[in-house]
Asks: 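Have a look at this one.
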Amino acid sequence: MEKENSVFLPFELIIEILLRLPVKPLLRFRCVCKSWLSLISSNNFATSHFEHTATHRRLLIKRSALQPLSIELDSSLHDASASASLSLDFIRSQRCVEVRGCFRGFLCFYNGTHIYLLNPSTSLIKQIPDSPIILNHHYELLSGFAYYQPTDDYLIVYGFGEDDDAPEMTISEIALPDDFIFSYSNNYSIYYALLEVGGLIGAWVKDLNTVKIWVMQKYRVHSSWTKIIIFSVDPDLHKSLDIVCLTKCGDIVGINDVVGLVKLNDKGQLLESLLFDGYALVVYTESLFSLPSTGQT
């Protein structure tokens with residue numbers, strides 16, 4: 001009787017293969033053996049995996065009377081396997097839920113009373129204790145969510161109006177591109193905002209029926225603003241076009257009041273659309289990260 005052929009793969013090669021897989025199968029593969037569990041649950045692996053798959057992003061959409069929908073941006077908008085409902089049942093009172101930011105796969109939610117952190121990929125949830133600073137101020141100007149690398153921790157940042165009792169803070173401005181201008185008209189709505197483009201700061205404006213997108217190639221270097229896309233759109237179809245992000249292949253994802261979620265090429269031509277009742281919340285990247293105080297998942 002012939003011996004069955006067996007294939008041996010060096011563990012280093014197995015690591016390289018696993019690093020290129022999506023989060024969902026990796027969570028299942030932790031059950032293969034103890035060595036895989038230890039590997040996939042480690043912070044080093046989570047960091048390396050995030051660096052390899054940072055272009056794999058999802059869009060969270062708020063739907064009326066339904067749980068939010070998470071859509072994989074680089075798949076077809078009509079691929080049912082690339083979208084899934086995201087349960088927010090862990091949040092008390094979901095009527096006024098806002099997304100205050102996202103970073104390294106975590107979403108920061110605020111319901112007017114409490115702050116919650118969620119990693120949708122691993123279902124890791126944490127409610128943040130109420131801060132007396134927030135409770136004592138009623139005129140919040142800005143808020144955000146960030147990761148502080150020196151301490152491997154996540155920060156929730158708030159800015160308030162002028163107050164002698166508030167902690168000292170520094171806010172610096174970054175000027176928009178010199179040609180970031182638009183003409184006011186009673187017949188057209190002007191849309192503009194910042195966006196992230198390949199890890200860089202981007203900005204876009206839709207004036208009349210022309211869309212322009214810039215990227216700041218070097219952080220806080222004004223001369224590095226570079227216009228990367230300019231196109232004209234059908235004013236009837238895309239009158240209310242609100243750009244959400246760019247896919248890794250350069251397509252443009254946006255929201256339109258007429259046809260819902262749209263995907264355009266860099267010429268402004270409609271590739272596909274998805275009708276839905278709601279609005280876009282945030283673009284996030286899947287990750288295996290846990291929170292420092294919660295241990296590994």
Side-chain angles (χ1 to χ4, degrees), residues 22-24 53-88 94 96-102 105 107-109 118 120-121 188-199 202-215 228-287:
V23 171
K24 186 176 292 186
T53 61
T55 56
H56 296 171
R57 298 170 301 161
R58 303 185 71 90
L59 172 64
L60 188 63
I61 294 176
K62 176 68 174 178
R63 299 180 293 177
S64 300
L66 294 173
Q67 296 283 14
L69 182 67
S70 176
I71 298 177
E72 187 177 336
L73 288 171
D74 293 297
S75 298
S76 169
L77 298 181
H78 300 284
D79 182 356
S81 65
S83 62
S85 294
L86 180 64
S87 174
L88 298 183
Q94 300 180 27
C96 303
V97 173
E98 301 176 4
V99 178
R100 292 299 178 93
C102 64
L107 303 178
C108 179
F109 293 95
L118 166 69
S121 306
Y188 293 90
S189 297
I190 298 169
Y191 296 82
Y192 58 94
L194 297 178
L195 76 161
E196 180 267 336
V197 181
W204 67 271
V205 63
K206 176 183 175 293
D207 182 18
L208 300 180
N209 64 335
T210 300
V211 173
K212 303 174 185 177
I213 302 177
W214 294 261
V215 169
I228 59 172
I229 293 177
I230 179 171
F231 61 85
S232 296
V233 295
D234 183 338
D236 294 326
L237 181 61
H238 304 307
K239 186 175 182 180
S240 61
L241 180 65
D242 188 358
I243 295 177
V244 176
C245 66
L246 273 63
T247 68
K248 62 182 179 182
C249 63
D251 293 334
I252 300 161
V253 178
I255 299 292
N256 174 263
D257 288 345
V258 178
V259 294
L261 189 65
V262 297
K263 187 175 288 187
L264 315 172
N265 62 20
D266 60 1
K267 306 299 182 183
Q269 299 168 327
L270 181 64
L271 300 176
E272 55 180 343
S273 63
L274 178 66
L275 185 63
F276 69 93
D277 181 17
Y279 54 90
L281 289 176
V282 69
V283 176
Y284 69 96
T285 304
E286 290 190 323
S287 81

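If you're wondering where the values come from, they're calculated on a predicted model, not measured in any experiment. Reckoned from all heavy atoms, side chains included, excluding hydrogens, waters and symmetry mates.
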Asks: Report the distance from atom CG of Leu264 to atom CG of Asn256, rounding to the nearest 0.5 Å.
Replies: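 Atom-to-atom, Leu264:CG and Asn256:CG are 9.0 Å apart.
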
Asks: Name all residues meeting the side chain to side chain donor-acceptor pair (under 3.5 Å) criterion together with Asp266; count only those two or more places apart in sequence or in a different chain, and write none if there are none.
Replies: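 Residues passing side chain to side chain donor-acceptor pair (under 3.5 Å) with Asp266: none at all.
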
Asks: When rounded to the nearest 0.5 angstrom, what is the spacing between CD1 in Ile229 and CD1 in Ile252?
Replies: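 Atom-to-atom, Ile229:CD1 and Ile252:CD1 are 4.0 Å apart.
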
Asks: Checking the side chain of Glu196 only, and the main-chain atoms of Cys245 only, is there a donor and an acceptor separated by less than 3.5 Å?
Replies: no

Asks: Indicate the atoms forming the closest heavy-atom contact of Val262 with Leu77, along with that distance.
Replies: C-CD1, 4.3 Å

Asks: Quick one: pull up CD1 in Ile61 and CD in Gln67 and give me the separation to the nearest 0.5 Å.
Replies: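 Taking CD1 in Ile61 and CD in Gln67, the distance rounds to 14.5 Å.
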
Asks: Are the side chains of Tyr192 and Asp207 in touch, meaning some heavy atoms are under 4.5 Å apart?
Replies: no

Asks: Please name the residue in the list Leu69, Leu59, Leu275 that meets the side-chain contact (heavy atoms from CB on, under 4.5 Å) test with Leu261.
Replies: Leu59

Asks: First locate atom CZ of Arg57, then atom OG of Ser70, and finally report the distance between them rounded to the nearest 0.5 Å.
Replies: 12.5 Å

Asks: Excluding sequence neighbours, so at least two apart, what forms side chain to side chain contact (heavy atoms under 4.5 Å, CB included) with Leu271?
Replies: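 Once residues adjacent in sequence are excluded, the partners of Leu271 under the side chain to side chain contact (heavy atoms under 4.5 Å, CB included) criterion are Asp251, Lys263, Asn265.
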
Asks: For Ser85, what residues pass the side chain to side chain donor-acceptor pair (under 3.5 Å) criterion, not counting sequence neighbours?
Replies: Arg63

Asks: If the condition is salt bridge (charged side-chain N to carboxylate O under 4.0 Å, His left out), which residues does Lys62 pass it with, not counting sequence neighbours?
Replies: none

Asks: Is any side-chain heavy atom of Phe109 closer than 4.5 Å to a side-chain heavy atom of Leu118?
Replies: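 Phe109 reaches Leu118 side chain to side chain.
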
Asks: Can you name the closest pair of heavy atoms from Gly202 and Val197 and give their distance?
Replies: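 Closest approach of Gly202 to Val197: CA-CG2, 4.3 Å.
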
Asks: Could you grab the distance from atom CZ of Phe276 to atom CD1 of Ile255, nearest 0.5 Å is fine?
Replies: 3.5 Å

Asks: To the nearest 0.5 Å, tell me how far His78 NE2 sits from Ser273 OG.
Replies: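 Going from the NE2 atom of His78 to the OG atom of Ser273 covers 5.5 Å.
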
Asks: Sequence neighbours left out, what passes ring-ring contact (aromatic ring centres under 6.0 Å, His included) with Trp204? Give chain and number order.
Replies: none

Asks: Give the minimum heavy-atom separation between Ala203 and Leu195, together with the two atoms involved.
Replies: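 Nearest heavy atoms, Ala203 then Leu195: N-CD2, 3.6 Å.
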
Asks: Which atom pair, heavy atoms only, marks the closest approach of Cys249 to Asp74?
Replies: N-OD1, 4.4 Å

Asks: Minimum heavy-atom separation for Thr247 and Leu73, please, with both atom names.
Replies: CG2-O, 3.7 Å

Asks: Checking Ser87 now: which residues fulfil side chain to side chain donor-acceptor pair (under 3.5 Å) with it, not counting sequence neighbours?
Replies: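 With sequence neighbours excluded, Ser87 shows a side chain to side chain donor-acceptor pair (under 3.5 Å) to Asp89, given in chain and number order.
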
Asks: Taking side chain to side chain contact (heavy atoms under 4.5 Å, CB included) as the definition, give me every residue that meets it alongside Cys102, ordered by chain and number, with sequence neighbours left out.
Replies: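 Residues passing side chain to side chain contact (heavy atoms under 4.5 Å, CB included) with Cys102: Leu107, Val282, Tyr284.
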
Asks: Among all residues two or more places apart in sequence or in another chain, which pass the side chain to side chain donor-acceptor pair (under 3.5 Å) test with Ser287?
Replies: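 Ser287 satisfies side chain to side chain donor-acceptor pair (under 3.5 Å) with Asn119 only.
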
Asks: If you look at every heavy atom in Ser83 and Arg58, which pair is closest and at what distance?
Replies: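 Answer, listing the atom of Ser83 first, then Arg58: CA-NH2, 3.8 Å.
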
Asks: Identify, with sequence neighbours excluded, every residue that meets side chain to side chain contact (heavy atoms under 4.5 Å, CB included) alongside Ala82.
Replies: Glu72, Ser75, Asp79

